[in-house]
Amino acid sequence: MDIAEGDGALMGAIQHILMAGGIDDPVAESEQIVSVIRERDLEPMGVKERAVALAQARASGIPLGYVLGRQRFMGVEIAVGPGVLIPRRETELLGWEAVARVRAARGAHGHGARLIDMCCGSGNLACGIAHAIAGVEIWASDLMEDCADLTLHNAQRLGLSERIHVASGDLFEPLAASGATACDVIVCNPPYISSHRLIRDRRDLLDYEPRQAFDGGPYGLSIYQRLIRDAAPFLVTGGWLLLELGVGQAVSLNLLLGRSEAYDHVELVADSQGEPRVIAARRAAMVKGVRSPAPGR
């Protein structure tokens, strides 16, 4: 059904509910709500009741991704749910940068490419990258079992589970015995808001989404320090560690990477507003105490 023609009255009612709740773009969100409801093949009265219920939930402040149960990311629909971070549009920059680096190393189809998605959350990066590159094999890992379960669910429903391997544990620990070494790229969107700022200025983020997805410790750098140290054994020589960073964190991350002997080149990738939001570090050929995996396998 054409939503614009067939659901005019319902759309108007939903928009009114969303506007009353202070939603910034009630038109676009009402279209998404009606679209989701129509896909469920409900009876006409059930459509109206369910759509109004979803609109009221959204107007109460529940994030749209949780209301819809999904979020579009890198061209695929990612299932989302409470307890797992809703994928952000800005993280697509990290995903597409990973795609570009894999293609540069392994060609357009990425045959033989291997990648780790650390702190995978809903699996949005793993699924988005796997969908974009038919030949890449991915290991996705998260400390939270709910995240690992949702990542596996998304990989299965998108037909990508043969190329996405999912684990749960503390950073690289669950990957050490799983064959995830000698990767071309490691991507990570870690928690990077300082604990103080999260409580003082961004408490709204904690109303519905998990604190562990945002809290980066006293200075917002706690997990970065561990990632920089622990990622090197999992990268081939010349492989890339790609990290999303918060606004204003570029200088600190540059300093941390500059102190590490594991990387011989660092680049910043800016968003459309010119703000650095991704940092890329290239694995050095010689790392003290670490044997360098060979690029060819």
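- Using a 4.5 Å cut-off between side-chain heavy atoms of Ile, Leu, Val, Met, Phe, Trp and Tyr, with links allowed through other members, Leu10 and Val36 fall into the same hydrophobic cluster.
- In this structure, Ile78 and Ser122 approach most closely via the heavy-atom pair CG2-OG, 3.5 Å.
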side-chain contact (heavy atoms from CB on, under 4.5 Å) assessment of Asp170 paired with Arg226 | CA-CA 11 Å; Asp170 186 25; Arg226 295 183 60 199; 2.8 Å; yes

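- If you take OG on Ser178 and CD on Glu173, they are separated by 12.5 Å, rounding to the nearest 0.5 Å.
- Within the 4.5 Å cutoff, no side-chain heavy atoms of Ile279 are placed close to those of Gln249.
- A donor and an acceptor atom, one from each side chain of Glu145 and Ser168, are nowhere located under 3.5 Å apart.
- Pairing each heavy atom of Glu275 with each of Gly248, the nearest pair is OE2-N, 3.6 Å.
- A pairwise comparison of heavy atoms in Gly246 and Tyr224 identifies N-OH, 4.1 Å as the closest pair.
- A distance of 14.0 Å separates CD of Glu97 from CZ of Arg277, quoted to the nearest 0.5 Å.
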Show the numbers, then the answer: is there a side-chain contact (heavy atoms from CB on, under 4.5 Å) between Leu64 and Ile86?
-> CA-CA 9 Å; Leu64 182 63; Ile86 299 171; over 6 Å; no

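- Leu245 has its side chain out of reach of Leu243: every pair of non-hydrogen atoms, C-beta onward, lies at least 4.5 Å apart.
- Judged purely by atom type and a 3.5 angstrom limit, Thr151 uses its side chain to pair as donor or acceptor with the backbone of Gly123.
- Side-chain contact between Ile133 and Arg106 is absent, with no heavy atoms from C-beta onward closer than 4.5 Å.
- Between the side chain of Ser60 and the main chain of Ala57, a donor-acceptor pair closer than 3.5 Å is present.
- Side-chain contact check for Gln71 versus Asn124: every heavy-atom pair is 4.5 Å or farther apart.
- A donor-acceptor pair under 3.5 Å is formed between the side chain of Asp142 and the backbone N or O of Gly121.
- Ion pair Glu244/Arg88 not flagged as a salt bridge, since none of the NZ, NE, NH1 or NH2 atoms sits closer than 4.0 Å to an Asp/Glu carboxylate oxygen.
- For the atom pair CG (Leu143) and SG (Cys120), the distance works out to 10.5 Å, reported to the nearest 0.5 Å.
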Report the C-alpha distance between Gln225 and Leu256 in whole Å, list the side-chain angles of each, state the deciding distance to 0.1 Å, and finish with yes or no for side-chain contact (heavy atoms from CB on, under 4.5 Å).
-> CA-CA 7 Å; Gln225 294 170 323; Leu256 287 175; 4.0 Å; yes

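- In terms of hydrophobic clustering, with Ile, Leu, Val, Met, Phe, Trp and Tyr side chains grouped at heavy-atom distances under 4.5 Å, Leu227 and Met144 are assigned to different clusters.
- The closest side-chain heavy-atom distance from Ile129 to Met74 is below 4.5 Å.
- With rounding to the nearest 0.5 angstrom, the CD1 atom of Ile223 is 12.0 Å from the CD1 atom of Ile228.
- Shown here for Cys127 and Leu158, the closest heavy-atom pair between the two residues is CB-CD1, 3.8 Å.
- Under the 30°/60° scheme for interplanar angles, the aromatic rings of Phe172 and Phe234 are found to lie parallel.
- For the ring pair (Phe, Tyr, Trp, His ring centres under 6.0 Å) condition, the pairs that include at least one residue of residues 80-109, sequence neighbours left out, are His109-His111.
- Side-chain contact between Leu268 and Asn254 is present, with at least one heavy-atom pair separated by less than 4.5 Å.
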List the steps and the verdict of side-chain contact (heavy atoms from CB on, under 4.5 Å) for Leu94 and Asn189.
-> CA-CA 8 Å; Leu94 175 63; Asn189 175 24; 4.1 Å; yes

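- Of the inter-residue distances, the one linking Arg89 atom CZ with Asp271 atom CG reads 13.0 Å to the nearest 0.5 angstrom.
- The minimum heavy-atom distance linking Ser252 with Leu221 is given by the pair CB-CD1, 4.0 Å.
- Tyr66 and Val52 fall into different hydrophobic clusters, where Ile, Leu, Val, Met, Phe, Trp and Tyr are joined by side-chain heavy atoms under 4.5 Å apart, directly or via other members.
- Dense packing is recorded around NE2 of His165, with more than 12 heavy atoms of other residues, nucleotides or ligands lying under 6.0 Å away.
- Counting only heavy atoms from C-beta outward, the side chains of Arg282 and Trp240 approach each other to under 4.5 Å.
- Taken to the nearest 0.5 Å, the SG atom of Cys147 stands 13.0 Å off from the CG atom of Leu152.
- Of all heavy-atom pairs between Arg283 and Ala232, the closest is NE-O, 2.9 Å.
- Ile14 pairs with exactly one of Val27, Ile37, Ile33, Leu54 by the side-chain contact (heavy atoms from CB on, under 4.5 Å) rule, that one being Ile33.
- Under a cut-off of 6.0 angstrom, the local environment of NE2 in His16 is sparse, with at most 12 non-hydrogen atoms contributed by other residues, nucleotides or ligands.
- Here the side chains of Val236 and Arg114 are not in contact, with every heavy-atom distance at 4.5 Å or above.
- Connectivity analysis of hydrophobic side chains (ILVMFWY, heavy atoms under 4.5 Å, direct or indirect) links Val84 to Leu150.
- Contact check on Glu137 versus Arg163 returns no salt bridge, with no Lys/Arg side-chain nitrogen under 4.0 Å from an Asp/Glu carboxylate oxygen.
- In this structure, Ile62 is not a member of the same hydrophobic cluster as Ile17, with clusters built from ILVMFWY side-chain heavy atoms closer than 4.5 Å.
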